[in-house]
Amino acid sequence: MSASYRIPFNKPGLAGTEWQYVSQAITDGHSSGDGAFTKKCHVFLEQLLGIRKALLTTSCTHALEMAAILLDIAPGDEIIAPPFTFVSTVNAFALRGARPVFVDIRPDTLNLNEELLEAAITPRTRAIVPVHYAGVACEMDRIMDTARRHNIAVVEDNAHGLFGKYKDQWLGTFGTFATQSFHETKNVICGEGGALLVNDARYVERAEIIREKGTNRSRFFRGQVDKYTWTDIGSSYLPSDLLAAFLYAQLEAAQQIQTRRERIWNRYFEGLSGWAARFCVGLPRVPEHCRQPFHMFYLLMPSLEIRQALIAHLKEAGILSVFHYLPLHLSTMGLRYGGRVGEFPICETVADRLLRLPFYNDLSEDEQSSVIEAIEGFSAFSQ
Ligand SMILES: Cc1ncc(COP(=O)(O)O)c(C=O)c1O
């Protein structure tokens with residue numbers, strides 16, 4: 001899609017050591033799951049976040065599916081999520097038979113509106129799945145308090161939010177579970193990949209079993225049992241060690257990656273603030289008590305028409321800018337669950353007006369200047 005664009009939306013960044021680590025995994029003879037590099041990634045994430053257990057998965061989608069199985073989600077259950085998110089946030093639970101109940105997003109951070117949460121809870125609610133959009137934290141104090149009072153599990157969809165914090169606590173460490181994505185569009189990548197973070201020790205052993213096709217193979221490999229067998233439902237959720245080798249190279253370079261992304265994000269923000277204020281364009285909002293991981297830079301344009309015109313204008317300049325999620329309640333599946341136009345007005349207007357700008361580790365100053373200049377040259381406002 002991006003081949004014809006001078007400045008693509010995303011370019012997977014390389015740390016430089018990926019080839020070396022992948023070839024090491026090949027020559028070491030362990031290319032299936034849970035080899036040496038997978039273990040290194042687990043330790044990296046566990047030490048960074050101070051969590052009980054990290055388990056690499058083949059995607060964030062699969063980590064969410066594991067969370068749904070671990071919570072014994074079943075037909076008749078409900079889960080609460082924002083409608084402005086990726087399909088997997090709710091599909092993982094719908095797969096187990098749960099009904100998604102949506103709660104509109106806040107107009108500032110575009111995260112699930114914690115003030116509307118309580119009203120959506122019913123005796124059937126089994127999980128709340130907040131999404132830290134663009135890695136900016138949801139209001140976790142209120143969400144965790146509501147969840148505790150109703151005895152409902154929280155699964156943080158932290159696909160965007162590795163390295164983000166809420167009031168000095170890492171995102172991914174609040175919920176019973178959290179899920180990460182290492183898809184090539186994220187800050188730290190391995191093509192396709194993810195992780196399940198298990199913050200409650202009671203779930204660790206079953207999580208290992210579900211990830212290993214419903215077997216206790218992990219215990220067998222650790223010498224804790226002398227043969228392994230089918231003990232639960234599960235699937236093959238663990239990635240090849242070749243992917244883990246790629247990911248470990250990226251994790252080791254995380255600090256450099258984050259420094260670059262912070263510089264790019266700040267330059268967009270400073271470069272576009274005056275223009276945005278003049279034309280009533282919204283820029284990302286990061287509350288004081290949140291530390292963001294510089295995952296994304298977006299504009300909130302005044303209308304759908306103006307957003308589409310800016311996409312076309314940037315395309316003319318060889319720059320690919322993209323919108324984001326379509327409201328889930330208005331998707332084919334969402335309508336089947338009873339979704340109605342106008343039901344979640346903030347989500348609907350944001351979906352129409354949001355535009356993401358090119359954002360990748362290797363975006364050069366010249367490229368970024370050209371994106372900013374092209375935006376400043378957009379004339380639809382004066383028509
Ligand atoms: C909020 C959110 N959750 C989950 C996912 C799914 O991630 P993955 O592609 O790793 O399955 C995405 C994808 O970008 C996402 O944006």
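Along the sequence shown, the residues carry numbers beginning at 1.
Of the possible donor and acceptor atoms, none in the side chain of Asp28 sits under 3.5 Å from a partner among the backbone N and O of His30. For the pair Arg219 (side chain) and Ile209 (backbone), a donor-acceptor distance under 3.5 Å is absent. Checked by atom type and distance alone, the side chain of Gln250 never pairs as donor or acceptor with a backbone atom of Val188 at under 3.5 Å. A donor-acceptor contact shorter than 3.5 Å is absent between the side chain of Asn158 and the backbone of Gln180.
Ser218 and Arg211 share no donor-acceptor pair across their side chains, judged by distance under 3.5 Å alone. Side-chain atoms of Thr173 and Asn199 form no donor-acceptor pair, as typed in the model, at a separation below 3.5 Å. Judged by distance alone, the side chains of Asp157 and Thr89 do bring a donor and an acceptor atom under 3.5 Å apart. Residues Glu139 and His289 bring a donor and an acceptor atom of their side chains to less than 3.5 Å of each other.
Atom NZ of Lys315 sits in a sparse spot, with 12 or fewer heavy atoms from other residues, nucleotides or ligands closer than 6.0 Å.
Put simply, Val154 and Val90 are part of two different groups of oily side chains (I, L, V, M, F, W, Y) that touch within less than 4.5 Å, one to the next.
Between Trp265 and Phe297, the ring planes lie perpendicular to each other; the angle is over 60°, past the 30° to 60° tilted range. Ring pair Phe220/Tyr228 is tilted by interplanar angle, where 30° to 60° counts as tilted. Relative orientation of the Phe359 and Tyr268 rings is tilted, given thresholds of 30° and 60° on the angle between their planes. The aromatic rings of His160 and Tyr325 sit parallel, their planes meeting at an angle under 30°, below the 60° perpendicular limit.
For the side chain to side chain contact (heavy atoms under 4.5 Å, CB included) test with His150, the passing option among Ile121, Ile128, Thr125, Asp145 is Ile121; the others fail.
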